[in-house]
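Worksheet: the structure to be examined is printed underneath.
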Amino acid sequence: MDCQYEIKANECGFVLKWYFNRKLIYQWIPARNPIGMNQFKSELRTNYSMSDSANYKYRALVIQHPKLNHSGEYMCSVQTYESFDRKAARFQIVVPEKMLLLHYENDAEKENMLLIKCSVFMIYPEPSLVLVVSGDLLLVSSRTIVVSDRHHMYNKTVYGLIDKHLLISPTSIGCVLTVAGSSYVRKRETIYYDPTQLTRWSRLRMDERGRFEISDGSSGISITTSGQLSKVWLFAIIVAVTRFGLV
């Protein structure tokens with residue numbers, strides 16, 4: 001992590017300090033060697049040089065082997081006899097997930113509802129999972145399950161329910177994963193198709209006179225044709241039936 005600052009030529013008594021969660025962990029005074037402190041005493045690379053200039057050489061904080069517990073707020077403090085300033089920022093370590101899955105199915109309790117499930121496995125820290133329908137409709141989670149192991153790795157699943165009558169088939173269903181305090185984002189997307197439309201076309205039949213019929217159980221819709229039809233002509237008939245609202 002770098003700390004950028006400017007010191008005027010007439011300023012004296014320069015001291016640079018780094019803090020982790022408001023606890024001092026690094027100090028550098030020009031003409032002296034930088035030193036690590038507290039829990040970071042043996043975890044910093046104190047001889048890393050950022051510049052050849054005397055007042056800027058050891059301004060950076062370099063953690064040799066970052067660990068999960070190194071996530072937190074880091075603050076750089078710069079002071080002279082004449083001035084003082086400091087800036088803080090959050091540093092978040094992210095262990096990428098092993099798997100991110102998105103699935104939908106009919107709800108077991110309500111026939112008109114669609115159950116959407118998004119699951120992530122083996123990630124750190126605990127992420128946020130948001131279900132998105134039709135590109136911009138955020139679906140409120142109806143249930144969330146979170147499990148972590150002794151290594152602080154997380155498995156998380158969110159469930160969402162939506163009335164199938166609100167969906168225009170086909171429509172997109174997505175899941176967006178984010179980690180607070182970082183720019184880490186992952187997405188999954190699938191397409192929902194209304195199965196009832198496919199079921200109606202599966203009832204397309206040709207009788208002995210070469211006539212196609214689609215029956216809804218009470219009355220049929222017939223299309224009279226002559227001769228043998230190829231697959232291309234069959235597709236054209238299906239498109240025509242759809243466009244003219246026959247199904």
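These numbers were taken from a predicted model, which means no experiment stands behind them.
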Whether the [X] and [Y] side chains hold a donor-acceptor pair (N or O, under 3.5 Å, no angle test) is what I'd like checked.
X: E97; Y: Y184; result: yes
X: D149; Y: H151; result: no
X: E11; Y: T80; result: yes

Are there more than 12 heavy atoms of other residues, nucleotides or ligands under 6.0 Å from atom [atom1] of [X]?
X: H103; atom1: NE2; answer: yes
X: R86; atom1: CZ; answer: no
X: E105; atom1: CD; answer: yes
X: N47; atom1: CG; answer: yes
X: Y81; atom1: OH; answer: no
X: I168; atom1: CD1; answer: no
X: N10; atom1: CG; answer: yes

For V185 and L177, run side chain to side chain contact (heavy atoms under 4.5 Å, CB included): C-alpha distance rounded to whole Å, both residues' side-chain angles, the deciding distance at 0.1 Å, then the answer.
CA-CA 6 Å; V185 178; L177 179 154; over 6 Å; no
Check: [Y] main-chain N/O paired with [X] side-chain donor or acceptor under 3.5 Å:
X: D2; Y: A60; result: no
X: K156; Y: P127; result: yes
X: N38; Y: L24; result: yes
X: R59; Y: C3; result: yes
X: R188; Y: L100; result: yes
X: E82; Y: C12; result: yes
X: K164; Y: E111; result: yes

For the atom pair [atom1] ([X]) and [atom2] ([Y]), what is the distance rounded to the nearest 0.5 Å?
X: T190; Y: I116; atom1: OG1; atom2: CD1; result: 10.0 Å
X: K117; Y: S142; atom1: NZ; atom2: OG; result: 12.0 Å
X: L114; Y: D107; atom1: CG; atom2: CG; result: 8.5 Å
X: L161; Y: L139; atom1: CG; atom2: CG; result: 7.5 Å
X: N155; Y: S119; atom1: CG; atom2: OG; result: 9.0 Å
X: R186; Y: L129; atom1: CZ; atom2: CG; result: 13.0 Å

Do the non-hydrogen side-chain atoms of [X] and [Y] ever get within less than 4.5 Å of each other?
X: I93; Y: P125; result: no
X: I35; Y: T46; result: no
X: Y26; Y: Y58; result: yes
X: Q92; Y: S71; result: yes
X: V147; Y: T157; result: no
X: V95; Y: M153; result: yes
X: E43; Y: K67; result: yes
X: M99; Y: M122; result: no

Membership question, hydrophobic clusters at under 4.5 Å side-chain separation (ILVMFWY): are [Y] and [X] in the same one?
X: M1; Y: Y48; value: no
X: L44; Y: V78; value: yes
X: Y159; Y: I162; value: no
X: L102; Y: V130; value: no
X: M50; Y: L16; value: no

Evaluate the ring planes of Y5 and Y56, with Trp represented by its six-membered ring, and classify them as parallel (under 30°), tilted (30 to 60°) or perpendicular (over 60°).
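Ring orientation of Y5 relative to Y56: parallel.
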What are the two closest non-hydrogen atoms of [X] and [Y], and how far apart are they?
X: Q27; Y: K17; value: OE1-CE, 3.2 Å
X: S51; Y: S49; value: O-OG, 3.1 Å
X: I173; Y: Y192; value: CD1-CB, 3.7 Å

Take F14 and I29 through the side chain to side chain contact (heavy atoms under 4.5 Å, CB included) test and state the conclusion after the steps.
CA-CA 6 Å; F14 170 73; I29 301 174; over 6 Å; no
Show the numbers, then the answer: is there a side chain to side chain contact (heavy atoms under 4.5 Å, CB included) between W18 and S77?
CA-CA 6 Å; W18 278 96; S77 166; over 6 Å; no
Side chain to side chain contact (heavy atoms under 4.5 Å, CB included) for V158 and L131? Distances and angles first, verdict last.
CA-CA 8 Å; V158 295; L131 298 174; 4.1 Å; yes
Between H70 and F20, ring centroids under 6.0 Å:
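Judged by ring-centre distance (under 6.0 Å), H70 and F20 do not meet the cut-off.
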For Y74 and Y19, I'd like to know if the aromatic rings sit close, meaning centre-to-centre distance below 6.0 Å.
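When the ring centroids of Y74 and Y19 are compared, they turn out to be at least 6.0 Å apart.
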